[in-house]
Engineer: 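Below is the structure I would like to discuss, written out as structure tokens.
Reminder, nothing fancy here: chain letters follow the sequence lines and each chain counts from 1. Model, not experiment: these values are computed from the prediction.
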There are 4 protein chains.
Amino acid sequence: MTKEKIKQAALVAFAKGGYEGMSLAEVASAVGIKTPSIYAFFKSKQDLFMTIYHELLDEHAAQLVQQTNVMEIEGSEQRLRKVVEAMLDYHLREQTKTEFLTRVNLFPPDFLKDEMRSRFAANEQQIRSSLVAIFSEGIEQGDIQSEPLHELVDSFLCLLDGLFLQTFYYNKETLETSFFHAWKFYWQGISNRTANC
Amino acid sequence: MTKEKIKQAALVAFAKGGYEGMSLAEVASAVGIKTPSIYAFFKSKQDLFMTIYHELLDEHAAQLVQQTNVMEIEGSEQRLRKVVEAMLDYHLREQTKTEFLTRVNLFPPDFLKDEMRSRFAANEQQIRSSLVAIFSEGIEQGDIQSEPLHELVDSFLCLLDGLFLQTFYYNKETLETSFFHAWKFYWQGISNRTANC
Amino acid sequence: MTKEKIKQAALVAFAKGGYEGMSLAEVASAVGIKTPSIYAFFKSKQDLFMTIYHELLDEHAAQLVQQTNVMEIEGSEQRLRKVVEAMLDYHLREQTKTEFLTRVNLFPPDFLKDEMRSRFAANEQQIRSSLVAIFSEGIEQGDIQSEPLHELVDSFLCLLDGLFLQTFYYNKETLETSFFHAWKFYWQGISNRTANC
Amino acid sequence: MTKEKIKQAALVAFAKGGYEGMSLAEVASAVGIKTPSIYAFFKSKQDLFMTIYHELLDEHAAQLVQQTNVMEIEGSEQRLRKVVEAMLDYHLREQTKTEFLTRVNLFPPDFLKDEMRSRFAANEQQIRSSLVAIFSEGIEQGDIQSEPLHELVDSFLCLLDGLFLQTFYYNKETLETSFFHAWKFYWQGISNRTANC
DNA sequence: AATGAATGAGCCTTCATTCAT
DNA sequence: CATGAATGAAGGCTCATTCAT
């Protein structure tokens, strides 16, 4: 359907050029229609942008929550590691969507600045509570040091952010190496090693 | 001097809107001149952009190297921590410059994409070698685990990137808390704790 | 009936914005249909316009003739005054229609300019002959000075036009005061006052 | 100078098509420049419009006041008649300006509605006080009936409005005839004829 | 009778840039 | 140095209209 094709093309264009740098003409041409036809489906450039933005936000949140909650099988290290891997995987697989979301989050167009802050806060809260669950379980099971949960979450999010940023300027292999090493020391930092001594 | 004022205003404008989103008219008006006057100093928008970009890149590299090398006094933890703190400090103090550089690095305008990659690689190499020095010294002194240097550097850079990204969406306090906790576990992960057991 | 609703909404829109300023989308939305549906009833914007225009012209002419002819009861002053009052009343009651007609008459869209002149002339002739009847009767009965009929009609039409124009920028009260005073001196000017001396 | 030519062409275009009906392309082409060049002189279509509007308003007011005040030579009838004649003359001579002003006054674009009302009121007050002077002098000299001044002014303005409106649909000759007859009875209505009996 | 999809034409406006002064 | 004037290119958007369904 045309509407879907427009959204797809617009996503790519927004990701490449940002809100200002994207042109409806470019999108229309990619879809194979004329610029004004876009207005049959979206009432403005902003509307098109917001539609994509909200859909992506939902998809992204769903993805994350799913990855954090679904598997209660394995040990704490595996679970946490899976969270990171899932994120990296998503970002490597859906590079365009990641670029779009990152761009918007870091450099939102003026009209978005307000909505952004609140959305972002809500989003982070969701993730945090998912993580809290994993960490507290890990502590109970003796895998993870008994430290304040929010401290553990803070440090985990920092790791996540670091790897996420590297998505942008490392290629897949370098990224995986980086992840491997970062994780190694991170896990050493939070895991319960008293048993070993 | 007018030229300097133009660069200053342009920096702000580029940081706010990116290459596409910044307009020469806006800059001129901020400086208090008319748009064509800019062409007395820069031969094009791109030229203006590149000038700022290169100057900032140099300044930034100098800053980083300096922060990594200068102090050979204190212990390993203090030195590494200072590196992070210096970076955070710089980014908080020079928000505009940071925004500009980040934007360019993550979402470079088309004509920059090529130059970018190489510049970035060189920059990173510089930092890595500075860090290698710190880490190897730390290992020698028994503060840090005797692990492959590049692995330690990888994990440190990941921490750095994570905190850097958080610069964008955390306020100063939240950021400091995050840093505190991230660092705590990070240091636990790399420091030599066999002595304690 | 949809067709009628379209005409009604279009009338309002044309009155508000003139031919160029009115948009079919606006009308469709007011009616609660989609723009292309209008084409099921009118073959073009111009057609819609002309339909309304002609209907209004007929209605208006009928109104005027009726007001001028109906009452043969009262004296000359009362009859003439009633003509003015009827016109003012109509214009105050049917403001939208008045605006539409006035706009078209004073500033017709290009394609109407020709038809306009002839229509207008015919219309005026109709009114003039109605007025001639009143004036000649008034002269016969000694109420009005024995002056050339067309002169009396000219002056009456000028009064009518003046009050009509004031419809647009005076509110009801101011307009009534203006009418009261204008009429007072007008009647003094045409009535037969020799008897009083 | 180009700016003046733009204003001239725009005046014509606005008069012909109203605010919505006028296009900057049309104006530019009339002046012999490209559309964006207009923006070197006026910051928007609205700005161009307002500039013309205010200038015309001033010119018009000046014209009227001048005509009403200057000549204190002749008798009351001559003075009042001159006011009407001057107005008619102005409107016949400057048809475009008249069309522009009338259009704006009767059917102002949305953004003007507010300013309009107040401007109009001020304008009318100016005219009224000029007329009061003439009428009171006329009464003192016994030319005009001793009636309340504001009543006389009301009736005079009504005459003026009537003739003004006729400017739009009568040609010069018809208009002059109409003026001649309207004035004849009007003057009979307000002049002091007791002396004649 | 109504509409979803599409479009050509046109509108106002911004922008980077040039050039003569 | 600085600017006034001008412009080609492009951008977002609206509009009347068509056509298949």
Engineer: Measure from CD1 on A/I33 to C1' on E/dT7 and round the result to the nearest Å.
Structural biologist: 10 Å
Engineer: Keeping B/T98 on the side-chain end and B/E94 on the backbone end, is there a donor-acceptor pair under 3.5 Å?
Structural biologist: yes
Engineer: Under a 3.5 Å cut-off for both distances, is F/dC19 Watson-Crick or wobble paired, and to whom?
Structural biologist: E/dG4
Engineer: Using OP1 and OP2 only, check whether a side-chain N or O of D/K34 sits under 4.0 Å from F/dA6.
Structural biologist: no
Engineer: Just to be sure I understand the rule, does A/T35 reach a base, reach only the sugar-phosphate, or reach nothing, if contact means heavy atoms closer than 4.0 Å?
Structural biologist: nothing
Engineer: So A/F107 and B/F107, would you call those rings parallel, tilted or perpendicular, with 30° and 60° as cut-offs?
Structural biologist: perpendicular
Engineer: Relative to the 5' end of DNA chain E, which residue comes earlier, C/S37 or B/K43, by the nucleotide with the nearest heavy atom?
Structural biologist: C/S37
Engineer: On DNA chain F, check which nucleotide each of C/A25 and A/S44 is closest to and give me the residue with the more 5' one.
Structural biologist: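 Its nearest nucleotide being more 5', the pick is A/S44.
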Engineer: Check whether the ring centres of D/F100 and D/F49 lie less than 6.0 Å apart, and answer yes or no.
Structural biologist: yes
Engineer: Can you find a side-chain donor-acceptor pair between D/H54 and D/E115 that sits under 3.5 Å?
Structural biologist: yes
Engineer: Between C1' on E/dT3 and CZ on A/F41, what's the gap in Å once rounded to a whole number?
Structural biologist: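 A/F41 atom CZ is separated from E/dT3 atom C1' by 13 Å.
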Engineer: Base, sugar-phosphate, or nothing: which does B/M22 touch, judged by heavy atoms less than 4.0 Å apart?
Structural biologist: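 Answer is sugar-phosphate: B/M22 comes under 4.0 Å of backbone atoms only.
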Engineer: Atom CD1 of A/I6 to atom C1' of E/dG4: distance rounded to whole Å?
Structural biologist: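 Atom CD1 in A/I6 sits about 13 Å away from atom C1' in E/dG4.
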Engineer: Report yes if at least one side-chain N or O of C/T2 is closer than 4.0 Å to OP1 or OP2 of E/dA1; otherwise report no.
Structural biologist: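 C/T2 to E/dA1 OP1/OP2: no side-chain N or O under 4.0 Å.
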Engineer: Assert yes or no for the condition that the ring centre distance of C/Y19 to C/F111 is strictly below 6.0 Å.
Structural biologist: yes
Engineer: Rounding to a whole Å, what distance do you find between B/F111:CZ and E/dA16:C1'?
Structural biologist: 13 Å
Engineer: Rounded to whole angstrom units, what separation is found between the NZ atom of B/K5 and the C1' atom of F/dC1?
Structural biologist: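 Taking NZ of B/K5 and C1' of F/dC1, I get 13 Å after rounding.
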Engineer: Over how many whole Å does the gap from A/E20 atom CD to F/dA10 atom P extend?
Structural biologist: 18 Å
Engineer: I want to confirm an ordering. Mapping D/S23 and C/I38 to their closest nucleotides on DNA chain E, which one lands closer to the 5' end?
Structural biologist: C/I38
Engineer: Round to the nearest Å and state the distance from A/Y39 atom OH to F/dG11 atom P.
Structural biologist: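 It is 12 Å, rounded to the nearest whole Å.
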Engineer: In whole angstroms, how far is the P atom of E/dT13 from the CG atom of D/L24?
Structural biologist: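 These atoms are roughly 6 Å apart.
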